[in-house]
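Protein chains get the first letters and strands the later ones, always in sequence-line order, with residue 1 at the start of each.
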Number of protein chains: 2
Amino acid sequence: MENLSTTEENYIKTIYHLQQTDTTVSTNDVAAKLNTKAASVTDMLKRLNTKQVLNYEKYKGFSLSNQGEKVALDIVRKHRLWEYFLVEKLAFGWDEVHAIAEELEHITSKVLIERLDNFLGNPKFDPHGDPIPDSNGKMQTQPQINLVDMPIGETASVSAVGSQSTELLELLTHKNIAIGTQITIKKKFSFDHSMEIETPANSSFTISRELALALFVTIKTPSLL
Amino acid sequence: MENLSTTEENYIKTIYHLQQTDTTVSTNDVAAKLNTKAASVTDMLKRLNTKQVLNYEKYKGFSLSNQGEKVALDIVRKHRLWEYFLVEKLAFGWDEVHAIAEELEHITSKVLIERLDNFLGNPKFDPHGDPIPDSNGKMQTQPQINLVDMPIGETASVSAVGSQSTELLELLTHKNIAIGTQITIKKKFSFDHSMEIETPANSSFTISRELALALFVTIKTPSLL
DNA sequence: TAAATATTTTAGGCAAATCTAAATTATTTA
DNA sequence: TAAATAATTTAGATTTGCCTAAAATATTTA
Ligand SMILES: [Mn+2]
Ligand SMILES: [Mn+2]
Ligand SMILES: [Mn+2]
Ligand SMILES: [Mn+2]
């Protein structure tokens, strides 16, 4: 039943991620994400449709089939486990791992990924705070909110980042913030939407709206990582 | 200068391995190893020639260029480091790792393989006893001889296996022989070329000519693994 | 709702990697 | 050495994945 090329897998994963955020996914959306052209996407949609991983009707739209979603979750699982490996075992920063995981996620061995999972201690979240699906595609849902939406006086811990850029990591490192760091909101300034926060490592300091938007937090203490 | 597809890399590696054993490598040899047809090989030889990794003259023959050999050694390095990782960290048997390493060897990141090497403690030999090239393509040469060529009374340690089959591993496991095991030749029988040997774990026992042919030994104690 | 605009699909073509069948060249053998 | 045989290459197709330009359809806007 399965015999998908790396390219087909990348399309499936891209469509999956787009479906998570946007309600409808367009041909152009996929083309933009994959740096390709709409015509190429249409070609692929037809192939994925015949391969049963996609429901597609021309000019009407498309969405992953149940089977396609399973495939996508499997790729996401591999991607995030490899990212975890790279950061935890090979000492990469989380801004460096995405491109490498983009290749590693296509290694086909089923038993490899199960042993890797085991070797890593069955982590539930990747270095960016994103949940790692288990072998059945199930993943832990953390009730996350954006830092800008946290009320004054509340404390929560950083659970995910909204960007994987080196620039963000540099800033977070400088401010001693990482995934797991406890943050308390002290004050919000309406002029520039900057906010004053407090962490265990540092007394009160100010962060910009841009930075706050890139941070997601959970009220409960994080289960792992 | 470099921009080789996975397929091109596989051809280069195959030609490299064939050159190690046979003096001349033919189009048919390559076709046989890669489970493809001679015509396909010719197509590829022409492409590798224009890509400067191969010296090729039609109907005359071909061999890897210096550059091609460097590429080959880099792939071999990756292949063997990943095999080492799979056996030492993920508890695979050495009969299970080849196919997986066949995929992993094509992951492109240079820094990944250097960090993996470091993480593994810079091993010099893979799980089959084959030397791992360093980042410059240099590898340790072990003066190996086949077990059948060892004189009676001599002691040496197993340094490599001539086959990666599950069947061989099963037999070796049963006889308590692994890479590193010390073997002393007690007797040789000319009738069936079987031989009586001794190991630290077992007193004298007999092994077949087939098994002896699949074992390589070094007189000096092994430097690693 | 009709025209303008945006999106999507088709048509036709290209490069990589493969194949089969036929032609060419090299090697053996009688 | 000439014929037979073997090895290699070429010719011509196919599949995957991608492209541009043009056509078809959907959506927006006046
Ligand atoms: Mn990918
Ligand atoms: Mn991630
Ligand atoms: Mn390979
Ligand atoms: Mn090996």
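Side-chain proximity of B:Lys46 to the nucleotides D:dT10, D:dT8, C:dT9 is greatest for D:dT10. Residue B:Lys37 places its side chain closer to C:dT20 than to any other of C:dT20, C:dT18, D:dC18. Which of D:dT8, D:dC19, C:dT18 sits closest to the side chain of A:Thr36 comes down to D:dC19.
With B:Phe119 as the aromatic partner, B:Lys89 meets the cation-pi criteria of under 6.0 angstrom to the ring centre and within 45 degrees of the ring axis.
Contact check on B:Asp74 versus B:Lys110 returns a salt bridge, with a Lys/Arg side-chain nitrogen under 4.0 Å from an Asp/Glu carboxylate oxygen. No salt bridge links A:Lys78 with A:Glu83; every basic N to acidic carboxylate O contact stays at or beyond 4.0 Å.
Heavy atoms of A:Thr42 sit under 4.0 angstrom from at least one base atom. B:Ser40 comes within contact range of at least one nucleobase, with a heavy-atom separation under 4.0 Å. Across all strands shown, B:Phe62 has no heavy atoms under 4.0 Å from either base or sugar-phosphate atoms. Within the 4.0 angstrom heavy-atom criterion, only backbone atoms of the sugar-phosphate kind lie near A:Thr7; the bases stay farther away.
In this structure, CG of B:Asp43 is placed 11 Å from P of D:dA11, rounded to the nearest angstrom. Rounding to whole angstrom units, CG of residue B:Leu48 and P of C:dT18 are separated by 11 Å. When the P atom of D:dT15 is taken as reference, atom CD of A:Glu8 falls 15 Å away, rounded to whole Å. One can place NZ of B:Lys51 at 14 Å from P of C:dA15, the figure rounded to the nearest angstrom. Atom pair A:Asn28:CG and C:dT5:C1' shows a separation of 13 Å (rounding to whole Å applied).
The base of C:dT24 is paired with the side chain of B:Tyr59 by a donor and an acceptor separated by under 3.5 Å.
Rounded to the nearest 0.5 Å, atoms CG (B:Leu171) and CD1 (B:Ile207) are 8.5 Å apart.
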